[in-house]
Trainee: 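Let me begin by handing over the structure; questions about it come next.
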Amino acid sequence: MRVISMDWRDVCVASYAVDPDVVAATLPDGVAVDTYDGDAYLSVVPFVMGDVRPYKFPRFVGPTFGELNLRTYVTGDAGPGIYFYNLDATDRLGVAIARATFRLPYYDASQRIVKRGDTVEFESERTHTGAPPCEFDADYTPTGDPEPAEPGSLTEFLLERYRFYVEGRGTLLRGEIEHEPWRVQEATYDVRENDLFTVNGFETPDRDPHVAYSPGVEVAAHAPKRV
C-alpha cells in the first residue's frame, strides 16, 4: 500500500568498492550481499527530500529537508534492494515518525545545503541525543546531460533498485518504492569531512568512488512489511 509521496532532489551517489566479506559481516539474516564484478559497494548519498506528504496529497502540504545516508546493496526474499546503515535528516518530526513507525535508522541532524550554480554544498552534523557524532562536508557538481543509466552498467546496478530492507527490533522489514527510471549524470565530488564509514564500523575505503548525480525523481513509498 502506497503511504508517502515525495521528491528526491539533487541526489549524489558516491559509491566505494569494498570486499563483500566486510559488508556480509554487518547484515542481518534474510539478506545477502549483492555484488558487481565481484565487489560490494558502500554508497554515501546526500540529497534533498522534497515535499514529503501523504500519498497523492499536493506538494505544498509536506516539508522539504536534507538527508544523508550510508547504504549498501543486497538481495532478499523479493529480489535486489538497498540496506541502510543510517539516514541523517533535519526534519525532527519526520525522524521520530520514521524511527517509531517504519523502524528506519534515522537520526536528527543539523545541515547546511546551498546550491551555487550547478554545485551543491552539503554539510551535515548529527545532533541526535545518545547517538555517536557524525559529520560530513562535501561539494558535488554534475557534468554532462541527464540520461538513463546504461543497461548492465555499474550505475544501473547502484541506482535502479525499488525496495529497501531494514532491521528493526529484531525483525527484518522490506519496503517497496516506485518512481520513473533515474536520469543520471557524471559528477565531481570534493569531500572535506566524512564520518559515515567510521560511525558505522567500517574503515574508510582507499579507492576513489564511482560518482553519479541525478536532478531527482518523484517517489511513492509503500509501508514496510515484515519479511
Trainee: Which residue pairs satisfy the side-chain hydrogen bond (donor to acceptor under 3.5 Å, both in side chains) criterion with at least one member in residues 144-158, sequence neighbours excluded?
Mentor: T155-H210
Trainee: Taking only residues two or more places apart in sequence or in another chain, which ones pass side chain to side chain contact (heavy atoms under 4.5 Å, CB included) with P148?
Mentor: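 So P148 forms no side chain to side chain contact (heavy atoms under 4.5 Å, CB included) with any residue.
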Trainee: List the residues meeting salt bridge (Lys or Arg N to Asp or Glu O under 4.0 Å) with D39, not counting sequence neighbours, and say none if there are none.
Mentor: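 D39: salt bridge (Lys or Arg N to Asp or Glu O under 4.0 Å) contacts with R207.
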Trainee: Applying salt bridge (Lys or Arg N to Asp or Glu O under 4.0 Å), can you list everything that pairs with K225, at least two apart in sequence or on another chain?
Mentor: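 So K225 forms no salt bridge (Lys or Arg N to Asp or Glu O under 4.0 Å) with any residue.
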Trainee: Quick one: does F202's side chain get under 4.5 Å of L70's, heavy atoms only?
Mentor: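 Heavy-atom side-chain distance check passes, below 4.5 Å.
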Trainee: Name the orientation class of the two ring planes belonging to W8 and F47 (parallel below 30°, tilted from 30 to 60°, perpendicular beyond 60°).
Mentor: perpendicular
Trainee: Check whether any side-chain heavy atom of R126 lies under 4.5 Å from a side-chain heavy atom of S110, and answer yes or no.
Mentor: no
Trainee: Do D139 and R192 come close enough that some side-chain heavy atom pair is under 4.5 Å?
Mentor: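 Yes - at least one pair of side-chain heavy atoms lies under 4.5 Å apart.
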Trainee: Which pair of heavy atoms, one from V199 and one from C134, lies closest together, and at what distance?
Mentor: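 Residues V199 and C134, closest heavy atoms: CG1-SG, 4.0 Å.
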Trainee: Indicate yes or no: does K115 engage D10 in a salt bridge with an N to O separation below 4.0 Å.
Mentor: yes
Trainee: Any side-chain donor-acceptor pair under 3.5 Å between Y73 and S43?
Mentor: yes
Trainee: For the aromatic rings, using the six-membered ring if either is Trp, is the centroid distance between Y36 and F157 under 6.0 Å?
Mentor: yes
Trainee: Restricting to side chain to side chain contact (heavy atoms under 4.5 Å, CB included), what partner residues turn up for P133, sequence neighbours left out?
Mentor: none
Trainee: Are the side chain of H222 and the backbone N or O of I177 linked by a donor-acceptor pair below 3.5 Å?
Mentor: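 Not at all, since once roles are kept as given, no pair shorter than 3.5 Å links the two residues.
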Trainee: How far does CG of D91 sit from CE of M49, to the nearest 0.5 angstrom?
Mentor: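 It comes to 9.0 Å.
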Trainee: Measure up the H128 and Y107 rings against each other and bin them: parallel (under 30°), tilted (30 to 60°), perpendicular (over 60°).
Mentor: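 Rings of H128 and Y107: perpendicular, as their planes differ by over 60°.
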Trainee: With sequence neighbours excluded, what pairs up with P215 under the side chain to side chain contact (heavy atoms under 4.5 Å, CB included) test?
Mentor: P146, R183, Q185, Y213
Trainee: Once side chain to side chain donor-acceptor pair (under 3.5 Å) is applied, do any residues pair with D118, and if so which ones, sequence neighbours excluded?
Mentor: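 Here no residue qualifies.
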Trainee: Can you list every pair that meets salt bridge (Lys or Arg N to Asp or Glu O under 4.0 Å) and has a residue in residues 43-64, with sequence neighbours left out?
Mentor: D7-R59, R9-D51, R53-E218, R59-E218
Trainee: Do the side chains of E160 and W182 get nearer than 4.5 Å, heavy atoms only?
Mentor: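 Sidechains of E160 and W182: in contact.
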Trainee: Does the side chain of L196 reach to within under 4.5 Å of the side chain of L68, using non-hydrogen atoms?
Mentor: yes
Trainee: With E121, which residues qualify under salt bridge (Lys or Arg N to Asp or Glu O under 4.0 Å), at least two apart?
Mentor: R112, R116
Trainee: Test of understanding: with side chain to side chain donor-acceptor pair (under 3.5 Å), list the residues that count as partners of Y165, not counting sequence neighbours.
Mentor: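 So Y165 forms no side chain to side chain donor-acceptor pair (under 3.5 Å) with any residue.
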Trainee: State which residues pass salt bridge (Lys or Arg N to Asp or Glu O under 4.0 Å) with R174; sequence neighbours excluded, sorted by chain then number.
Mentor: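 Here the qualifying residues are D77, E176.
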Trainee: May I have all residue pairs that pass side-chain hydrogen bond (donor to acceptor under 3.5 Å, both in side chains) and include part of residues 19-30, sequence neighbours excluded?
Mentor: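 Listed once each, the pairs are T26-Y85.
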Trainee: Would you check, one step at a time, whether the test side chain to side chain donor-acceptor pair (under 3.5 Å) holds for E186 with T143?
Mentor: CA-CA 5 Å; E186 294 184 356; T143 59; 4.5 Å; no
Trainee: Do C12 and Y189 make a side-chain contact, defined as non-hydrogen atoms from C-beta onward lying under 4.5 Å apart?
Mentor: yes
Trainee: Using a distance-only test with no angle check, is there a side-chain donor-acceptor pair under 3.5 angstrom linking N69 and D88?
Mentor: no
